[in-house]
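First comes the structure, then the notes that go with it.
Order of appearance sets the numbers: ligands from 1, and atoms from 1 within every ligand. The model shown is predicted, which means the values in this text are computed figures rather than measured ones.
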Amino acid sequence: MGLVTTKEMFEKSMREHFAIGAFNVNNMEIVQAVLDAAKEENSPVILQASSSAIKYARINYLMKMVEAGIEDTNVPVAIHLDHGPDFETCKMCIDAGFTSVMIDGSKYSFEENVALTKKVVDYAHERGVVVEAELGKLAGIEDDVNVSSSDAMYTDPDEAREFVERTGCDSLAIAIGTSHGAYKFKGEAKLRFDILQKVKEKLPNTPIVLHGASTVIAELVETCNKYGGNIPGAKGVPDEMLKEASEKGVSKINVDTDLRLAMTSEIRKVLAEEPEVFDPRKYLTPARDKIKETVKHKMRDVFGSSGKA
Ligand code: G3H
Ligand code: 13P
Ligand code: ZN
């Protein structure tokens, strides 16, 4: 099976009330771990790269790795630009063979966001590529823009409908209380499921996307800290809330932080416990295994996408 857009996987997710994991990739080990997990779980999957990941890995390397990875992976796989900052970056990815792009105009005014998104949609649709857009602001760090918690702006359901109608975007990322990175909540985790429900009422056929949705898995944070890391008080979205979101109309759940934690915790552990090691394969193999285990857990126990390929 070649690369696909997210169209059919999202239609199935809305029909059958499950979510598809979108995992951030920026090197070979992460690409392999995510694709192996999808294959073993018989799950559709989205690999996504941010503009800074593309700068790091280089777009041709990313595309070739993904193409190599899907050769023996008989599940639907989409390759998606995460948080496209401008039209040019979206165009570059579409021209390079990405099957889906996100244009993140959430930092602009409503009208500017509509105009920019529409421009990307027109270019993408002519080439068979789908577009994710964003309305509302997530707290935390979003690309280069640092949005403080007090500025966090939930998505307005009425605006969401107008936005989708006017732009023709294929899916919409909404703000219901999640944020990027390892520090999502100061007190108790809280998501605005009431807003999600209202958005779904206004847009029953539009796939909804949840960014900033890592669990910040406690065991991984503990391992990092135990072996020399310094990420105290990290906190994410509990699995039960993500499960609820998957069942209540979220079609795509973005995960980057948990993969970073999985990889770093294993590397730290090997280097601390076996100081004589200097062969990268000795720490990258368990790191890759840990990412795979983490992704499989999400597909099977949280998002409900296992067996849905
Ligand atoms: O939402 C942002 C993603 O976690 C990507 O982060 O720009 O550091 O690659 P990055
Ligand atoms: P996390 O930082 O919660 O993993 O979110 C990732 C994300 O939203 C990528 O777009
Ligand atoms: Zn994001």
Filter the ligand 2-protein atom pairs down to N or O on both sides and distance under 3.5 Å, then list them.
from, atom 1, to, atom 2, distance (Å)
ligand 2, 2 (O), Gly181, N, 2.9
ligand 2, 2 (O), Thr257, OG1, 2.6
ligand 2, 3 (O), Lys184, NZ, 2.5
ligand 2, 3 (O), Ala213, N, 3.1
ligand 2, 3 (O), Ser214, N, 3.0
ligand 2, 4 (O), Ser214, OG, 2.6
ligand 2, 4 (O), Asp256, N, 2.7
ligand 2, 4 (O), Thr257, N, 2.7
ligand 2, 4 (O), Thr257, OG1, 3.4
ligand 2, 5 (O), Gly212, N, 3.3
ligand 2, 8 (O), His180, NE2, 3.0
ligand 2, 8 (O), His211, ND1, 3.4
ligand 2, 8 (O), Gly212, N, 2.8
ligand 2, 10 (O), Asp82, OD1, 2.9
ligand 2, 10 (O), Asp82, OD2, 2.7
ligand 2, 10 (O), His83, NE2, 3.2
ligand 2, 10 (O), His211, ND1, 3.1
ligand 2, 10 (O), Asn254, ND2, 3.1

_Ring of Phe185, cation from Lys190 - is the NZ or CZ under 6.0 Å from the centre and inside 45° of the axis?_
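Judged by the rule, Lys190 and Phe185 form no cation-pi pair.
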*Cation over ring, Arg127 on Tyr123, under 6.0 Å and within 45°?*
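That pair qualifies as a cation-pi contact.
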_What I want to know is whether Asn24 and ligand 1 share at least one N or O pair that is separated by under 3.5 angstrom._
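So ligand 1 has no N or O lying under 3.5 Å from an N or O of Asn24.
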*So, Lys296 versus Ser306: side-chain donor-acceptor pair below 3.5 Å or not?*
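Distance-only check fails for Lys296 and Ser306.
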*State whether a side-chain donor-acceptor pair under 3.5 Å links Asp256 with His180.*
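Note: Asp256 and His180 side chains miss the donor-acceptor criterion.
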*Non-neighbouring partners of Glu67 that pass salt bridge (Lys or Arg N to Asp or Glu O under 4.0 Å), sequence neighbours left out*: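 Glu67 satisfies salt bridge (Lys or Arg N to Asp or Glu O under 4.0 Å) with no residue once adjacent residues are dropped.
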_Name of the residue among Ser13, Pro44, Ser43 meeting side-chain contact (heavy atoms from CB on, under 4.5 Å) with Lys308_ =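 For Lys308, the side-chain contact (heavy atoms from CB on, under 4.5 Å) test succeeds with only one of Ser13, Pro44, Ser43, which is Pro44.
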*Hey, is Arg260 one of the residues with a heavy atom under 4.0 angstrom from ligand 1?*
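Flag set, Arg260 near ligand 1.
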For ligand 1, which atoms, with element, lie under 4.0 Å from some heavy atom of [X]?
X      : answer
Asp256 : 3 (C), 4 (O), 5 (C), 6 (O)
His180 : 1 (O), 2 (C)
His83  : 1 (O), 2 (C)

_Asn26 contact mode with ligand 1 (heavy-atom cut-off under 4.0 Å)_ =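 Answer for Asn26: neither.
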Starting from the Zn ion (ligand 3), look over the N/O/S atoms of [X] and name the nearest one.
X      : result
His83  : NE2
His211 : ND1
His180 : NE2

*Just by modelled atom types, is the Asp72 backbone N or O under 3.5 Å from a matching donor or acceptor in the Lys39 side chain?*
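The answer is yes, because a donor-acceptor pair under 3.5 Å joins these two groups.
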*Is a donor on one side and an acceptor on the other found under 3.5 Å between the side chain of Asp258 and the backbone of Val216?*
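It does hold such a pair.
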*So, are Glu293 and Lys290 salt-bridged, with charged N and O less than 4.0 Å apart?*
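Yes.
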*Mind checking whether Ile291 and Ile217 sit in one hydrophobic cluster, side chains of I, L, V, M, F, W, Y counted as touching below 4.5 Å?*
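Per the 4.5 Å side-chain linkage, Ile291 and Ile217 are not co-clustered.
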